[in-house]
Amino acid sequence: MEYPFGAIERKWQQVWKEKKIFNAPQKSDKPKYYVLSMFPYPSGVLHIGHASNYSIGDAVTRLKLMEGYSVMQPMGYDSFGMPAENYAILHNSHPRLTTEENIAAMRIQFDGMGFGLDWEREVSTCRPDYYRWGQFIFKRLYEKGLVYRKKSYQNWCEECQTVLANEQVEDGHCWRCNSAVEQKDLEQWYFRITKYADELLDFSKVIDWPERVMTMQKNWIGKSAGAKIDFCMEGSGEKIPIFTTRPDTIYGVTFMALPPEHPLVQDWLAEEPNNKALHDFCRKVINEDKVQRSSAEAIKEGVFSGRYCINPFNGDRVQIWITNYVLMDYGTGAVMAVPAHDQRDFDFAKKYDIPIKIVIQKPDNSLILNEMLEAYTEPGIMANSDKFNGMDSEPAKAAITAWAKTNGWGEQTFTYRLRDWGISRQRYWGNPIPVIHCPQCGIVLVPDSDLPVKLPDNVQVGKTTGNPLLSVPEWLNVPCPQCGEPARRETDTMDTFVDSSWYYARYADPQNPDMPFDPELARHWLPVDQYIGGIEHAVMHLMYARFFHKFMRDLGWVNSDEPFARLLTQGMVTKDGAKMSKSKGNTVDPQYIIDRFGADTLRVFLLFASPPEKDVEWSDDGMMGAFRFLNRVWRLIDTHKELIIQGMNSSDSDAGISEAISELRFEAHHAIYRWLEDALQRMQYNTAIASSMELLNAIIKLKEPEKLNAAELKVYAFACAALPKMLYPFAPHLAEELWQTLGYDKLLHESGLPVYEPRYLIHNSITYVVQINGKIRGKLEVAADTDSETLKTMALAVENVQRSLEGFSVKKIIVVPGKMVSIVAGR
RNA sequence: GCGAAAGUGGCGGAAUUGGCAGACGCGCUGGACUUAGGAUCCAGUGAGGUUAAACUCGUAGGGGUUCGAGUCCCCUCUUUCGCACCA
């Protein structure tokens, strides 16, 4: 017979709701613990990934409550974004309506899973009372010089009709719709995240983050040390600053490489309107899409500009080439090319017959110019480099940089791969940028008192090309806040990653009508103690949020350096070895599982299948295993409840306890010990659940508990009563039901962690393994306090040991206390 | 190409510091029971070997350190992930 999971789950969800036990108090005597799982996009349906993800957060929440913390586990919705807009276009509806419907539907499913969420703190990024404060923060960023506007070539997704940040382009394709990204010259808003590059590289203030995520962010920021050196144009003397990580190769420069976008090149194009070759090449390269142009396989091409610059170190005349392999937005946008020691420059020089000059020799002096098939990029001995000849190339880097500094040619510098964050999106369903363009005053920020700039409802989504906001004249046309003359609103909306960069802080004070949040409340709750989410956010969301946090700290709004002290990147749920997706037809509907087997079964299966950070392969059989386990627990306690209650009221006594009960006592205390270790210390819920299964098996092994004496019954009751507590973080409904069945008044979250007694973890006899040369040859059952001399004698006396030692002599005996006797034997 | 992580039964996975490899679950085999259920209970289950033992082999492959290695070191292979003209 199946246990009545449906009634039990409904009952306890109701009790938790009525008693508001998951509504975190703003003030508490207890220490705070802030558990946060990344908020979902409100698709309207809970999928198995949500169930898995949030089961982890809920386990943390309930464990920390049992441990005595004042726990906050809020939830909300990342509700702006293109899916809602696209859905509305398709179904001829409005994103606001569909989004709110979806939120309502998801809320029901979250509650059906029994998650202990503080719904009084719910935020939804598409609501004016939230996005108002995003606009407010935008203005503060602007005032601090961290927002600017720039015209440049942008990643453009034709499918989504919007630009994308560099982080949102994956392999040349849109991270969302996977269509090819093009280049478009547009004027866009940027956040100056690069100002925080060095601080973002520093992870010393986080408590526990996966190494992998930190490495990914470090690689993304890509700091490299080098030198900035000024070359000068022959004739005009105009400076061309270059950045190089190889100042040691400066005497080997044989040409200069510039991209078509370089300002000097733009000047030359204007000066030489009839230079067809130059114009054609530049136009071709600029229009080429970024994927092709920046792929490693792209063929290097260029044209000679007919101009020269001077290498300050040796006065060499250096040809200036315009090429397709130099990027305008990295370093200074100009490269000193050293074909002998850089593969790209080598390829280019070979193709266009540009001289090659060796300035780093191999230690064995074997590098010969005419025999080189590729660039020599390793360190070596300086050659053809004037006063630096003979030096090792590594120390020469600093020496050469210092020499440049002395002569005023350049200095040491750092360059980053990280670019500023382009936040403009040409879409309707996002947070409007609070700016007005005035023909007289230029860019004017909307006054704080006029915030929020509300999204107009009466747009014709999808009916126009371009940004739908352009089609609402009464919204678009406003008087300038400064001069009162007619002006126009900015129609770009913010990247939704802006909305999710500070939501964790809003939860601390979600209804504040006067500011994003009260700094005092933020200081109480932040940082998030445990953050949980997918690895796909390793770079984007997690880096943006760190940037915002550091900015908010600089404003004095928060007093921590990092938003998320501990980070857990949970695995995904797969089926048939692949990520679940509708197109593959390998999805599992969590609602069906909940209806048929209960939310507790689903939760236990998902947590038991593997450790939280690893993927879970869905298995119907495995899920049935979880269901059977919960049924066995329920049956055990429901069948023996009177007996257990009777046992709990018996008095404790060591006397008159059978061997089997003594063993059960050990098993129970040992299981609790392991459970605490795994669940609390290591967040390894699969083995924590395994301990509770072991305890259940140990209890069930004992038949006819009604025949136990009072002292034995006490032990039996202790073991049984430990089960609900051990199950609470994973199967909370069943746990509460059983706890109540056993006559307890308090709910489990206020009943404390299960407790073991160290004295019951010690057996009075210990099994020693006897090894000969590393192979097990026997076992010894001895009293725990047996000394090692006795152990040696006993080990040698074991029959099988004696047989194995025939023809050998004992060289040495090692005793590992409590574990083994290791005999070293030889002929 | 560069960087990182991982590789354990038929499967998911355990093994806290080098100390009985395979906990727990699934699956499978045999049995009991039956209100035939997506039951329940009992026993078994790494491979070889044996009536049963003994014993041998076994944590991707090869070498090493050690009384003792899944765990530490070196090499190779495979897989996954990230980055990839970044000067």
Side-chain angles (χ1 to χ4, degrees), chain A residues 1-2 170-171 210-220 222 224 226 242-246 249 257 293-300 323-327 329-338 341-345 347-348 415-419 535 538-539 596-597 604-605 608-611 614-629 631-632 635 674 677-678 681-682 684 686-694 696-697 700-701 703 767-777 779 800 803-804 811-814 816-826:
Chain A
M1 200 183 87
E2 292 173 356
E170 295 170 348
D171 225 3
E211 203 58 50
R212 186 154 75 116
V213 175
M214 295 191 287
T215 306
M216 280 166 75
Q217 289 201 7
K218 284 176 190 166
N219 289 343
W220 189 265
S224 53
I242 59 94
F243 171 77
T244 182
T245 55
R246 294 294 306 273
T249 63
R293 190 169 154 191
S294 65
S295 89
E297 294 82 46
I299 298 155
K300 289 163 189 48
T323 72
N324 65 344
Y325 74 95
V326 176
L327 306 171
D329 55 359
Y330 182 78
T332 62
V335 169
M336 64 171 217
V338 186
H341 306 295
D342 182 284
Q343 192 55 43
R344 295 154 301 182
D345 300 342
D347 295 343
F348 193 86
T415 308
Y416 301 85
R417 210 186 74 109
L418 179 71
R419 311 291 151 84
I535 187 74
V539 179
R596 179 62 193 81
F597 303 101
V604 168
F605 166 70
F608 178 65
S610 71
K614 288 185 73 177
D615 288 353
V616 173
E617 168 72 11
W618 179 265
S619 152
D620 286 338
D621 287 329
M623 188 271 301
M624 286 309 297
F627 186 55
R628 281 197 293 265
F629 166 60
N631 269 297
R632 278 203 298 273
R635 213 177 304 127
R674 290 250 314 268
E677 199 72 16
D678 288 344
Q681 252 65 54
R682 301 205 298 155
Q684 192 167 296
N686 55 333
T687 49
I689 292 169
S691 322
S692 61
M693 290 173 169
E694 284 179 72
L696 175 69
N697 292 345
I700 288 176
K701 205 166 79 181
K703 303 294 172 197
T767 306
Y768 275 81
V769 173
V770 184
Q771 282 189 356
I772 298 172
N773 292 341
K775 289 189 191 299
I776 294 158
R777 285 293 180 264
K779 288 187 183 182
N800 201 31
R803 180 147 42 88
S804 303
K811 297 250 161 86
K812 195 167 146 194
I813 302 178
I814 297 153
V816 183
K819 296 228 161 104
M820 68 181 350
V821 181
S822 184
I823 299 167
V824 188

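No experiment lies behind these values; they were computed from the predicted model shown. By convention in this document, chain letters (A, B, ...) are assigned in the order of the sequence lines, proteins followed by strands, and residues within each chain are numbered from 1. Hydrogens, waters and symmetry mates are skipped; everything else that's a heavy atom, side chains included, is used.
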| task | Determine the contact category for A/N219: base if any of its heavy atoms lies under 4.0 Å from a base atom, sugar-phosphate if only primed atoms, P, OP1 or OP2 are that close, otherwise nothing. | result | nothing
| query | Between atom CG of A/N697 and atom CZ of A/R632, what is the distance when rounded to the nearest 0.5 Å? | reply | 6.0 Å
| query | Which part of the nucleic acid, if any, lies within contact of A/N800, taking any heavy atom under 4.0 Å across all strands shown: a base, the sugar-phosphate backbone alone, or nothing? | reply | sugar-phosphate
| query | CZ of A/R803 versus P of B/A53: gap in Å, rounded? | reply | 14 Å
| task | Round to the nearest Å and state the distance from A/Q684 atom CD to B/A23 atom P. | result | 16 Å
| Which is true for A/E694 with a 4.0 Å heavy-atom rule: it touches a base, it touches only sugar-phosphate, or it touches nothing? | sugar-phosphate
| task | Can you tell me, in whole Å, how much space there is between the P of B/G9 and that of B/G70? | result | 14 Å
| How far does the P atom of B/G31 sit from the matching atom of B/C20, given to the nearest Å? | 37 Å
| Between B/G37 atom P and A/M624 atom CE, what is the distance in whole Å? | 14 Å
| request: Assess whether one donor atom and one acceptor atom, taken from the side chain of A/K779 and the base of B/C20, lie less than 3.5 Å apart. | output: yes
| message | Between A/I776 and A/M820, is there a side-chain heavy-atom distance shorter than 4.5 Å? | response | no
| said: Is it the case that B/C85 (base atoms only) and A/K300 (side chain only) share a donor and an acceptor within less than 3.5 Å, ignoring hydrogens and angles? | reply: yes
| query | NA contact type, A/L327, heavy-atom cut-off 4.0 Å: base, sugar-phosphate, or nothing? | reply | base
| said: Can you tell me how the ring of A/Y330 sits relative to the ring of A/F243, calling it parallel under 30°, perpendicular over 60° and tilted otherwise? | reply: perpendicular
| field | Side-chain ion pair, A/R419 and A/D329, N-O less than 4.0 Å | value | yes
| message | Regarding A/M820, tell me which of base, sugar-phosphate or nothing describes its non-hydrogen contacts under 4.0 Å with the strands shown. | response | base
| remark: Side-chain atoms of A/R628 come closest, of B/C42, B/G27, B/G13, to B/G27
| Does a distance-only test, which skips hydrogens and angles, find a donor-acceptor pair under 3.5 Å between the side chain of A/R596 and the base of B/G38? | yes
| Of all the choices, B/C26, B/G19, B/C55, which nucleotide is nearest to the side chain of A/R777 once you look at every atom? | B/C55
| task | Check every strand shown and say whether A/S224 touches a base, only sugar-phosphate, or nothing at a heavy-atom separation below 4.0 Å. | result | sugar-phosphate
| request: Would you indicate which nucleotide in B/A87, B/G25, B/C67 comes nearest to any side-chain atom of A/K812? | output: B/C67
| remark: Intra- and inter-strand pairing of RNA chain B, written as dot-bracket with Watson-Crick and G-U pairs under 3.5 Å and | for the latter, reads (((((((..(((......[....)))((((((.......))))))(((......)))..(((((..]....))))))))))))....
| said: Rounded at 0.5 Å granularity, tell me how far CE in A/M623 sits from CZ in A/R628. | reply: 10.0 Å
| query | For atom C1', what is the distance between B/U78 and B/G61, given to the nearest Å? | reply | 10 Å
| query | Taking the side chain of A/I700 as heavy atoms from C-beta outward, which of B/C24, B/C42, B/G27 is closest to it? | reply | B/C42
| Modelled atom types, side-chain donor and acceptor of A/R803 and A/N800, under 3.5 Å | yes
| query | Is A/T244 touching bases, backbone alone, or none of the nucleic acid, heavy atoms closer than 4.0 Å? | reply | sugar-phosphate
| query | If you look at every strand shown and take non-hydrogen atoms under 4.0 Å, does A/R417 touch a base, only sugar-phosphate, or nothing? | reply | base
| message | Considering every strand and a 4.0 Å limit on heavy-atom distances, what is the contact class for A/K701: base, sugar-phosphate, or nothing? | response | nothing
| message | Taking any heavy-atom pair under 4.0 Å as a contact, classify A/V616: base, sugar-phosphate, or nothing. | response | nothing
| field | Atom C1', compared across B/G13 and B/U17: separation rounded to whole Å | value | 22 Å
| query | Hey, does A/D345 reach any base, or is it just sugar-phosphate, or nothing, if we go heavy atoms under 4.0 Å? | reply | nothing
| request: Choose from B/A87, B/C41, B/C67 the nucleotide whose nearest atom is closest to any side-chain atom of A/R635. | output: B/C41
| message | Rounded to whole Å, please give me the gap between CZ in A/F629 and C1' in B/U40. | response | 17 Å
| said: Applying a 4.0 Å non-hydrogen cut-off, can you work out what A/G625 is touching in the nucleic acid: base, sugar-phosphate, or nothing? | reply: sugar-phosphate
| request: Ignoring the backbone of A/T245, work out which of B/A21, B/G19, B/A87 is nearest its side chain. | output: B/A87
